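See structure below.
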Amino acid sequence: MTDRRRINGPLGGTAPPVFVSSLTSKTTSPAKRTRAPDELRKIFLKTGLTPSASGSAYFELEPSTPTAASECLASKAPALKLTCTVHGPRPLPRSAPFSPQLLLSTRIKFAPFAARQRRGYIPNVGERDLAAHLETALRGVLIGERWPKSGIDVVITVLEGEEDNSWNKGQSGESGRTGGWGMMSILSGCITVASAAIIDAGIDCIDLVTGGVAAVVRQPTAPPQVFLDPCPSDHEEIFAACVIGYLQTRDEITELWTKRSIMASTDDNRANTMEFEPLVDQAVEAAVAARLVLIEAIKESTEVKVQTSQFGHPKNAAS
Amino acid sequence: MTLTPIPQPLTFPALTFAKLAPPSFLAAHLTNPKGSTRPSGRTPTQTRAPTCNTGSLSHANGSAVVRCGDTAVVCGVRGEILKTGDVAEYEAREVKGGDEEEEDDEGDEDDEGGKERRRKSRRDDTAEMARLNLLVPNIELATGCSPAHLPGGPPSVLAQTLTQRVLTLLHTSDMVGMAPLRIWFQPPRETTGATSGVMRMGGDMEEMDAREEEGEEMARAEVKAFWVLYVDVLFISLDGNAFDAAWLAILAALKDTILPRAWWDADREMVLCSDDPVEARRLEIRDLPVPLSFGVFEGDGLGKGSKEKEKEKEKGKEKWVLVDMDGFEEALCREEGTVVVGGGRRVVRIEKSGGAGAGMAEMRGLVDLAAKRRKEWMGVLGVH
């Protein structure tokens, strides 16, 4: 089915470029992680990018191997870049049934240039799945009773996402339609950026929700270990990963998503990294660290808001 | 006898006034005795200063982030490969092969005939590019960039018109050169004599013989595939003048685009690319046409006495040509248009609709302004 409202390109279809290096050398080792296991990538978070929306925020994670960016066309280290806008709260249309609570709708869309494979404009299953996860993460924080008969829209655009394999490993594995490990850090970023945008919009929340990821990773020599904020292309194999939406002051979890097999905790207190609970604990650690950045970003934007309310907007100063 | 109460004039904060009576608010600003200024503090012919940042997306071949006032745009250009075998009814055109071409062009420049030939081949190139759909621009507004554009539905009318306008301008302005988009197959020298005849199908015998003679001297290169450029523009924030911002982002991204060296591998029957950045090529950008969008605001004589209104009727309505409008002004102007000016003040395109407020004199002024704006943009793009 072709989308007649957009320009679709040649009818015969096009193929993404194939690099010689991906055909010849099959066993190149992935880029090594240079961070410590409990060290997060630097987060950039800024609110107020879209003045016409009620709230907006921009989130960026620096690429995990920044030096390799210019050396090779085939495998550039991607950064995670997300923008989020929040519209509302606004009245529901008259035709909508009565709702005693604020209706939350979340949408996540990948830009066509977000991944190595060009993505279309029609929303796919993976995006819907992520949006559903985000909705659960946010619903627990909003104080919905304060806005009966109204709704808010949270719209996230993924400008650049992470992928499981670097080019050299080919397109094998489970990085198919539903997405692989990269989706986990995207979701974690989405939770944090949406939280910032909701606060920018001035919507009442019970606490600040932030996202965190941790993963159990195979190591070449040592036994498997839990890493915070894993970048999928840094590791040879990830056994299991966990994303969390966490409220620190209330010590509550609004969203929990683990992937792949992990053992339920056993009774004896042996320190086994392949267990569920240590993994969740580490994800919580990551979420707590992201919260520091979120607080700073909110402080910054609030200061600007206070200034403009005192002296008027610079734009309107002349009138 | 009762005292007639002295009527107190109503006072509002400026923002409330703007919401209650937008046309009068704008008219009041423009009729300012100290000189017309717009609510944003700009004069009617003042544009918003753009900022531009290129190469920030790692998955795209070229990218740019552009911000003009409160309008912010991200553009990513991505190259994909279209094999000639996948094109229905593909007709191979007679084009000069890969690397020799540039030298030939230089040589031709002196004589008139060469120039004419060059112009014709450029026209043919553009026609071929349009026929093969090698440039695929799409503009996405449904990113929540303004409350009017929320996702969850087909692209809005505005998004569709913007996309079509961009596509037309890309083709009519003839700005992207065809040469770097062709992917060649250079047959190895030993087999030249045997293959050259096979490759040229559809030619008559005499011509084929001529080719074969030629082929003995030089291996015959063949176009096996094309680069298709997907140009995707996403609006992060929209506050008026979507077209200019989108176009500036496209220009910057195309200028930033690097295509890896690609060739046809006869053994694998596929196109391969080299990941060495040294071998990669930039696009051939021949011209950088710059648009200037404007609107004509007609004062309805609001906020004036009836006598003044009478006077106005005699001499016609007041009108202002506003350049690079923001969202507030766009909602108030029925007459809108765009002037596109290329290098050497070449007028590439003029479009205007909605009224007859801007006449010949105004349009001439707008072309001058567009030329001025082009200079500003060239500075932002780093072209001198």
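Order of the sequence lines sets the chain letters (A, B, ...), proteins ahead of strands, with each chain counted from 1. Owing to the predicted nature of the structure, the values given are computational and were not obtained by experimental measurement. Computed from heavy atoms alone, side chains included, the values below leave out hydrogens, waters and symmetry copies.
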When you compare the side chain of [Y] with that of [X], does any pair of heavy atoms fall below 4.5 Å?
X: B/R268; Y: A/V18; answer: no
X: A/V155; Y: B/H149; answer: no
X: A/P51; Y: B/D239; answer: no
X: B/Y230; Y: A/P112; answer: no
X: B/I236; Y: A/L49; answer: yes

Is [X] close to chain A through its backbone or its side chain, or both, or neither, when contacts mean heavy atoms under 4.5 Å?
X: B/T37; answer: neither
X: B/R42; answer: neither
X: B/V271; answer: backbone
X: B/L134; answer: neither
X: B/I81; answer: both
X: B/L82; answer: both

Problem set entry | Winner by heavy-atom pair count (cut-off under 4.5 Å) against chain B, out of A/L159, A/V86, A/V154 |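 It is A/L159.
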For this session: Using a cut-off of under 4.5 Å on heavy-atom pairs, state which of A/S105, A/P10, A/G9 scores highest against chain B.
Result: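 Of the options given, most contacts go to A/P10.
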Problem set entry | Closest-packed option against chain A by number of heavy-atom pairs under 4.5 Å, given B/A28, B/P147, B/G76 |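 Ranked by contacts with chain A, first place is B/P147.
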For this session: Using a cut-off of under 4.5 Å on heavy-atom pairs, state which of B/S237, B/C273, B/G85 scores highest against chain A.
Result: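 Among B/S237, B/C273, B/G85, the one with the most close pairs to chain A is B/C273.
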For residues [X] and [Y], report the shortest heavy-atom separation together with the two atoms involved.
X: A/E160; Y: B/L57; answer: OE1-CA, 3.0 Å
X: B/V136; Y: A/N8; answer: CG1-C, 4.0 Å
X: B/D232; Y: A/F113; answer: O-CE2, 3.5 Å
X: B/E140; Y: A/R6; answer: OE1-NH2, 3.5 Å

For this session: Would you check if the side chain of A/R107 reaches a backbone N or O of B/P151 as a donor-acceptor pair within less than 3.5 Å?
Result: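 Answer holds: yes.
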Exercise. Counting distance only, does the side-chain N/O of A/S52 pair as donor-acceptor with the main-chain N or O of B/C145 below 3.5 Å?
Worked result: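 A pair under 3.5 Å: yes.
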Exercise. Distance from B/Q160 atom CD to A/I7 atom CD1, nearest 0.5 Å?
Worked result: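 It is 10.0 Å, given to the nearest 0.5 Å.
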Side chain, backbone, both or neither: which part of [X] has a non-hydrogen atom closer than 4.5 Å to chain B?
X: A/R5; answer: both
X: A/Y58; answer: neither
X: A/T85; answer: side chain
X: A/I156; answer: neither

For this session: Determine, stepwise, if the pair A/T83 / B/T143 fulfils side chain to side chain contact (heavy atoms under 4.5 Å, CB included).
Result: CA-CA 9 Å; A/T83 64; B/T143 52; over 6 Å; no
For this session: Please say whether more than 12 non-hydrogen atoms of neighbouring residues, nucleotides or ligands are located less than 6.0 Å from NZ in B/K19.
Result: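 No - once you tally the heavy atoms of other residues, nucleotides and ligands closer than 6.0 Å, there are 12 at most.
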